[in-house]
Amino acid sequence: MFSNKDNINILTALLQAHHVGTAVVCPGSRNAPIVHNLQEAGMTCYPVTDERSAAFFALGQSQARQEPVALCVTSGSALLNVAPAIAEAWYQHVPLVVVSADRPEAWIGQLDGQTLPQPGVLDRFVRRTVTLPEPHDDTSRWHCNRLVNEALLDLRQPYPAPVHINVPISEPLFDFTTPALPEERVIHRHTTAAEHDSFLPKVFYEVARPMIVVGQEYTESADEDDFDYIEWRHFLYHYGVVLAEPLNNIFCGDPVDAALAMVGDDPAYQPDVVVYLGGHIVSKRLKRFLRQSGARVIMVSSDPEVHDPTMCMTDLVVMDPYDALWSLYYFYEHNTRADLYGALDIEEDQMKAYQLNPAHDDYHRLWRNVFKQVHQVALSYQPAYSQMAAVRYLEEQLSDVFYDYHLHYANSSAVRLACLYADAYNRHHVWCNRGVNGIEGSLSTAVGFAAGQWAVADESDEEAATVICVTGDLSFFYDQNSLWNANLTPNLRVILLNNGGGGIFRTLPGLEQSPVRDTFVAAAHHTSAQGICTQCDVGYLRATNMHEMQTGMVRLLTEETQRPMVLEIFTDPDTDAAQLKQFYSQLTIHN
């Protein structure tokens, strides 16, 4: 029987899964449940009383066995005693897993016995330190699992090194009533070219319902004029279901959030395996869909750190996302069909030739039907005068512009509208400060981007690309000093969506019940950008109705000027929320 503490059982199960089979254990009451579990799980355990000596003993064991060894100590100064051996292991590249029992955080520094701040005390000599939560729900269990996986993955890569896993344990300590260890998700990291070439394609092509999800990503390799790039993108788009927001420039996607609103919880649309490339995704529906799908998720990233927004990640493939997609195409071309070139000439209704089995064909057809209907609704829905109408009209007009442009959207409502209409109309890349989703620097980033484009064009004696920034009012006024800048360039255009506060807060269910929603949460105001623009010598246009918005938009996009321009569009926040709600109410699947 095992301990009744979830974090100890998760740790024990993953030590086994990551092939840590030997432990050096030191006496103590707080770590007794861990020691019990290690022995009960069948690990080879060596008891050593002196922690300093025990740590060096573990060092020797690891050197002799050429494999990781765990070292388990109790709370308090016991952990400090292992520092000399862990420092030695760090410089010798020996993979030791220091497992320290700890008191609950609430009792640290409260004159309780055997307590000191344990997290971080070995940080200079370990690759990673994690402190496990005491799980109480599915999210905290996932968190605990992820932390243990992260630490144990770092034991061996990029070269062996010690790690520290700190385990707070609440009393009572000695309840050994769990009959078996849990089945824990094991995360594997794939770093070599051989693993890339064999693992990723094999998993992707062997299932009936493969899906590709592309988060925020920008790569210079994505050349729209390169035939090979066009061909493999076309092939993968018609092989696997692709969910891609416009914050990437690798895949032209479809309105993902709208498609998922249409799909709902229907299990027929859930994938068997997901290849997730790039960084952040905007859609909360997409995050929820992936977390509930139960699919095997393979993250592909140049970053070897574990990032698991899906809560279902089983594998991390460390490689450039662009190269990963190319490898999928290359594998299929050279292992399945020798005559794949010329695929661009194949009509969509002839794509059955690409499919490996009928089940895959049916899954792909389901999603294509949804995307087709979403596009029809997006293009046919005519919102009343609102922020939605303004973004829709902008994207419609951009279909006809003759110059190069880069489109920046601020966070919150603006980028969510971009994810709907940038895909529905132009399928172009969108720049957005999505790393931490803050509203505070969107316009400053666009100002810097425009100045950079201007400088590059000046150096190459070419015309600078136009930089268009679509921003909400809170983001704009928070960042208004971005226009108080001696480096402003004429190629900057700003569309300010001003509805007198944080419009997104009117779309959050339940918040309407709070009397402080508008004043304190949404920061209601009556501010205009006209004075700021006059002060900073920036051209200013304003719109208060559909006609003024459309004529102002055309002028903003076409007028030649030697200074930046701002179009401020005033809308009603209740109308903005109502138009968006009405759009989503029309998303119903028609088979």
Side-chain angles (χ1 to χ4, degrees), residues 8 10-26 31 34-73 78-79 81-100 122-130 132 145-167 181 184-199 304-306 314-319:
I8 297 176
I10 290 170
L11 170 62
T12 307
L14 287 174
L15 284 170
Q16 285 188 321
H18 284 270
H19 308 294
V20 180
T22 303
V24 179
V25 298
C26 300
N31 68 325
I34 304 175
V35 174
H36 169 88
N37 260 31
L38 299 181
Q39 176 68 29
E40 193 76 2
M43 292 180 65
T44 301
C45 295
Y46 294 87
V48 180
T49 301
D50 184 325
E51 288 94 1
R52 178 178 175 276
S53 179
F56 281 106
F57 183 90
L59 176 70
Q61 280 278 337
S62 183
Q63 290 170 329
R65 294 174 178 271
Q66 290 295 292
E67 62 185 28
V69 170
L71 169 65
C72 182
V73 300
L79 178 60
N81 290 329
V82 309
I86 301 308
E88 184 65 26
W90 172 259
Y91 287 111
Q92 287 201 45
H93 308 309
V94 176
L96 297 182
V97 186
V98 180
V99 178
S100 58
L122 300 176
D123 273 2
R124 181 59 187 85
F125 303 110
V126 295
R127 178 169 290 143
R128 184 182 293 272
T129 295
V130 297
L132 306 186
N145 171 284
R146 195 198 78 216
L147 290 174
V148 177
N149 269 295
E150 288 178 1
L152 296 181
L153 283 172
D154 279 356
L155 268 176
R156 298 174 174 89
Q157 295 174 352
Y159 53 82
V163 297
H164 177 201
I165 300 176
N166 192 56
V167 190
L181 292 175
E184 286 298 316
R185 172 190 61 149
V186 181
I187 298 175
H188 302 276
R189 184 188 280 137
H190 309 269
T191 59
T192 67
E195 287 180 301
H196 299 162
D197 294 340
S198 61
F199 168 73
E305 291 291 319
V306 172
T314 59
D315 299 88
L316 169 60
V317 176
V318 183
M319 68 184 303

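By the 4.5 Å heavy-atom criterion applied to side chains, Q92 and P162 are not counted as neighbours. Taking 4.5 Å as the limit, every side-chain heavy atom of V94 sits out of range of all side-chain heavy atoms of V69. Under the 4.5 Å side-chain criterion, counting only non-hydrogen atoms from C-beta, M43 is not in contact with V25. Counting only heavy atoms from C-beta outward, the side chains of L181 and N37 approach each other to under 4.5 Å. Annotation: side chain of L71 is not in contact with side chain of L96 (no heavy-atom distance under 4.5 Å). Looking at R146 and R185, their side chains come closer than 4.5 Å, going by heavy atoms from C-beta outward. Residues N149 and H18 form a side-chain contact, since some pair of their non-hydrogen atoms from C-beta on lies under 4.5 Å apart. V99 is not listed as a side-chain neighbour of L38, based on a closest heavy-atom distance of 4.5 Å or more.
Taking each heavy atom of C26 and V35 in turn, the nearest pair found is O-CG2, 4.4 Å. Of all non-hydrogen atoms in V24 and A54, the two that sit nearest each other are CG1-O, 3.7 Å. Of all heavy-atom pairs between Y159 and R127, the closest is O-NH1, 2.6 Å. Residues V318 and P304 share a closest heavy-atom pair of CG2-CA, 4.0 Å. Minimum interatomic distance between Q16 and A41 (heavy atoms only, all atoms of both residues): NE2-O, 2.8 Å.
Shown here is R52, whose CZ atom has no more than 12 heavy atoms of other residues, nucleotides or ligands within 6.0 Å.
The backbone N or O of I8 lies less than 3.5 Å from a partner atom in the side chain of T12, making a donor-acceptor pair. Remark: the backbone N or O of E67 is paired with a side-chain donor or acceptor of S62 at under 3.5 angstrom.
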(request) Apply side chain to side chain contact (heavy atoms under 4.5 Å, CB included) to Q61 and T44, showing your working. (result) CA-CA 11 Å; Q61 280 278 337; T44 301; over 6 Å; no

(message) Between V130 and V148, does the side chain to side chain contact (heavy atoms under 4.5 Å, CB included) criterion hold? Intermediate values first, please.
(response) CA-CA 7 Å; V130 297; V148 177; 5.8 Å; no

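Between L14 atom CG and E184 atom CD the span is 5.0 Å, to the nearest 0.5 Å. L132 CG to N166 CG: the interatomic distance, rounded to the nearest 0.5 Å, is 7.5 Å. One finds the SG atom of C45 at 11.0 Å from the NE2 atom of H36 (value rounded to the nearest 0.5 Å). Between L15 atom CG and I10 atom CD1 the span is 12.0 Å, to the nearest 0.5 Å. If you take OG1 on T191 and NE2 on H188, they are separated by 13.5 Å, rounding to the nearest 0.5 Å.
Checking each of I86, V163, T129 against V98 for a side chain to side chain contact (heavy atoms under 4.5 Å, CB included) leaves exactly one that passes, namely I86.
Using cut-offs of 30° and 60° on the angle between ring planes, the pair F199 and H190 is parallel.
D123 and H164 share no side-chain donor-acceptor pair at under 3.5 Å.
Between R128 and D154 a salt bridge is recorded (basic side-chain N to carboxylate O distance below 4.0 Å).
For E88, there are no salt bridge (charged side-chain N to carboxylate O under 4.0 Å, His left out) partners two or more places apart in sequence or in a different chain.
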